[in-house]
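Source: prediction; values computed, not measured.
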Amino acid sequence: VGKRIGAGKVNILKSIDEMSAFEKGQVLVADMTDPDWEPIMKKPSAIITTRGGRTCHAAIIARELGIPAIVGCGDATEKLAVGQQ
């Protein structure tokens with residue numbers, strides 16, 4: 001989603017309970033997001049989700065905020081590692 005390139009250290013969040021571990025500028029990697037994730041959606045340099053499409057929450061927020069995103073890639077939480085850049 002979008003035409004920008006995002007870069008930063010990967011931080012994989014498995015639930016919203018892990019939000020306090022997320023720092024501004026990191027790449028947010030999650031299974032998917034919903035409105036409960038709103039408190040951190042302005043912090044990532046990019047968003048990657050394993051599920052979703054062009055009209056999912058992560059895609060809509062990414063377009064609104066101008067954050068690069070890949071949604072529905074299927075295996076991001078398995079292929080990427082925390083701290084990977």
Taking distance alone, no hydrogens or angles, what donor-acceptor pairs closer than 3.5 Å link side-chain atoms of residues 7-21 to residues at least two apart or in another chain?
from	atom 1	to	atom 2	distance (Å)
Asn11	ND2	Ala21	O	3.0
Asn11	ND2	Gln26	OE1	2.8
Ser15	OG	Asp17	N	3.3
Glu18	OE1	Lys14	N	2.6

Without placing hydrogens or testing angles, list every side-chain donor-acceptor pair under 3.5 Å for residues 49-69, not counting sequence neighbours.
from	atom 1	to	atom 2	distance (Å)
Thr49	OG1	Arg51	O	2.8
Thr49	OG1	Gly72	N	3.4
Thr50	OG1	Asp31	O	3.1
Thr50	OG1	Asp31	OD1	2.5
Arg51	NE	Asp31	OD1	3.4
Arg51	NE	Asp31	OD2	2.9
Arg51	NH2	Asp31	OD2	3.0
His57	ND1	Thr33	OG1	2.8
Arg63	NH1	Arg54	O	3.1
Arg63	NH2	Arg54	O	2.7

Would you list the atom pairs, donor with acceptor, under 3.5 Å between side chains in residues 73-85 and any protein atom, with sequence neighbours excluded?
from	atom 1	to	atom 2	distance (Å)
Gln84	OE1	Ala81	N	2.9

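In the hydrophobic cluster analysis, where Ile, Leu, Val, Met, Phe, Trp and Tyr join through side-chain heavy atoms closer than 4.5 angstrom, Phe22 is grouped apart from Val29.
With rounding to the nearest 0.5 angstrom, the CD1 atom of Ile47 is 6.0 Å from the CG atom of Leu28.
Residues meeting the salt bridge (charged side-chain N to carboxylate O under 4.0 Å, His left out) test with Asp34, sequence neighbours left out: none.
Between Ser45 and Gly25 the shortest heavy-atom distance is OG-O, 3.0 Å.
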